[in-house]
Amino acid sequence: MAVPMSAIESAWQLLIANFTEFQLATVITFLLHETVFFLSGLPSLLFERFGLFAKYKIQKRSNTSAYQNRCVLRLILYHVSVNLPVMILSYPAFKFMGLRSSLPLPHWTVVVSQVLFYFVLEDFIFYWGHRALHTKWLYKHVHSVHHDLLCRYATPFGLTSEYAHPAEILFLGFATVVGPALTGPHLFTLWLWMVLRVLETVEAHSGYHFPWSPSNFLPLYGGSDFHDYHHRVLYTKSGNYASTFVYMDWLFRTDNGYRKAKRPLRSKK
């Protein structure tokens, strides 16, 4: 007796019936990324523009509307001219590594274990790559684009998470794709990983720390408060280089400045 398909499998059947695997892995992946990125990143932009939730804003300085608009336009340009071509050109490599889109979908235990592996591996590689970008030459010529953000005194908001020099997009993007490349995942797993990674980096750059922020509940998770410190301190002293978790910076003592800055706050509680 045939087992009825789940709602997710039924939706996936429609996708693979109407699009080729190449289309799904490139154009549809790009559109999914753009949708998740802009929908998750716009709230913090609007909060700042209209002065909403001001008491939860980490830095009290604000960006101008003109600056925010320039940033969004640059992001669209970078995504179309860099991200999309990279997705298209990397498809043969992912296919060679075992990427598939056919049914059945992988068991949830496989999906969860692979995504957790991707997070840990990405965080490790990102830490060292990001730390390298804070050396004098690489910071001046590459990473300063992300930190200066067109306006030297701008504060982070969600969409600035992907505003970076094209070379940095490729350099740190390697950390995001190496896990999936090693495991040859199902496209469904790759999409889930991409969505979660986008949501994580947008939250870390949001500029707001709410009572419901993930870092208040998830052990070892850095989040907006942890990463915002990285953006408001001189690049040679910023630390907090990891993308998602806090243990790499703790192990290598690159979070010392952040922890010292937090001590007075804790002592007042």
Please tell me if the side chains of [X] and [Y] come closer than 4.5 Å, counting only heavy atoms from C-beta onward.
| X | Y | value |
| --- | --- | --- |
| Pro185 | Tyr118 | yes |
| Glu122 | Ile125 | no |
| Phe157 | Gln68 | yes |
| Leu24 | Thr29 | no |
| Tyr67 | Asn63 | yes |
| His209 | Asp228 | no |
| Asn83 | Glu162 | yes |
| Glu203 | His227 | no |

Any donor-acceptor pair under 3.5 Å from [X] side chain to [Y] backbone:
| X | Y | value |
| --- | --- | --- |
| Thr201 | Val198 | no |
| Trp193 | Gly179 | no |
| Lys57 | Leu52 | no |
| Ser213 | Ser215 | no |
| Asp249 | Asp255 | no |
| Thr160 | Pro156 | no |
| Gln114 | Val111 | no |
| Ser101 | Leu187 | no |
| Gln23 | Thr20 | yes |
| Ser44 | Gly158 | yes |

Are [Y] and [X] connected in a single hydrophobic cluster, I mean Ile/Leu/Val/Met/Phe/Trp/Tyr linked by side-chain heavy atoms less than 4.5 Å apart?
| X | Y | value |
| --- | --- | --- |
| Val178 | Leu192 | yes |
| Leu31 | Leu39 | no |
| Phe38 | Phe30 | yes |
| Ile8 | Val195 | yes |
| Leu170 | Leu133 | no |

Quick one: [atom1] on [X] to [atom2] on [Y], what's the gap to the nearest 0.5 Å?
| X | Y | atom1 | atom2 | answer |
| --- | --- | --- | --- | --- |
| Leu251 | Tyr127 | CG | OH | 8.5 Å |
| Thr254 | Met248 | OG1 | CE | 8.0 Å |
| Ser65 | Arg70 | OG | CZ | 11.0 Å |
| Arg197 | Phe126 | CZ | CZ | 6.0 Å |
| Met97 | Ser90 | CE | OG | 11.0 Å |

Going by atom types alone, do [X] and [Y] pair a side-chain donor with an acceptor below 3.5 Å?
| X | Y | result |
| --- | --- | --- |
| Thr236 | Tyr139 | no |
| His130 | His143 | yes |
| His230 | His134 | yes |

Which atom of [X] lies closest to which atom of [Y], heavy atoms considered:
| X | Y | value |
| --- | --- | --- |
| Gly41 | Val202 | CA-CG1, 3.7 Å |
| Thr189 | Pro106 | OG1-CG, 3.7 Å |
| Glu48 | Ser62 | OE2-CA, 3.3 Å |

Greater than 12 external heavy atoms within 6.0 Å of Phe217's CZ: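 More than 12 heavy atoms, drawn from other residues, nucleotides or ligands, come within 6.0 Å of this atom.
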Verdict with reasoning, Trp12 to His186, per side-chain contact (heavy atoms from CB on, under 4.5 Å): CA-CA 12 Å; Trp12 197 263; His186 195 282; 3.5 Å; yes
Verdict with supporting geometry, Tyr241 and Phe252, ring pair (Phe, Tyr, Trp, His ring centres under 6.0 Å): CA-CA 10 Å; Tyr241 299 118; Phe252 294 98; over 10 Å; no
Candidate pair His231 and His147, rule ring pair (Phe, Tyr, Trp, His ring centres under 6.0 Å), full reasoning: CA-CA 7 Å; His231 276 272; His147 276 264; 4.6 Å; yes
Under the ring-ring contact (aromatic ring centres under 6.0 Å, His included) test, residues paired with His79 that sit two or more places apart: His33, Phe37
Sub-6.0 Å ring centroid separation between Phe47 and Tyr56: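 Centroid separation for Phe47 and Tyr56: 6.0 Å or greater.
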Test of ring centre spacing under 6.0 Å for Phe245 and Tyr221: no
Ring pair (Phe, Tyr, Trp, His ring centres under 6.0 Å) between Tyr258 and Tyr229, worked out: CA-CA 7 Å; Tyr258 170 75; Tyr229 177 85; 5.6 Å; yes
Whether Tyr163 and Tyr78 hold their rings parallel, tilted or perpendicular, with breakpoints at 30° and 60°: tilted
Candidate pair Phe53 and Phe210, rule ring pair (Phe, Tyr, Trp, His ring centres under 6.0 Å), full reasoning: CA-CA 9 Å; Phe53 301 106; Phe210 298 106; 5.6 Å; yes
Electrostatic pair Glu21-Arg100, nearest N-O below 4.0 angstrom: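 No, Glu21 and Arg100 are not salt-bridged.
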Chi angles and distances behind the side-chain contact (heavy atoms from CB on, under 4.5 Å) call for Lys140, Trp137: CA-CA 5 Å; Lys140 179 181 179 180; Trp137 192 91; 6.0 Å; no
Stepwise side-chain contact (heavy atoms from CB on, under 4.5 Å) check, Arg259 with Arg253: CA-CA 10 Å; Arg259 299 198 177 279; Arg253 300 294 186 265; over 6 Å; no
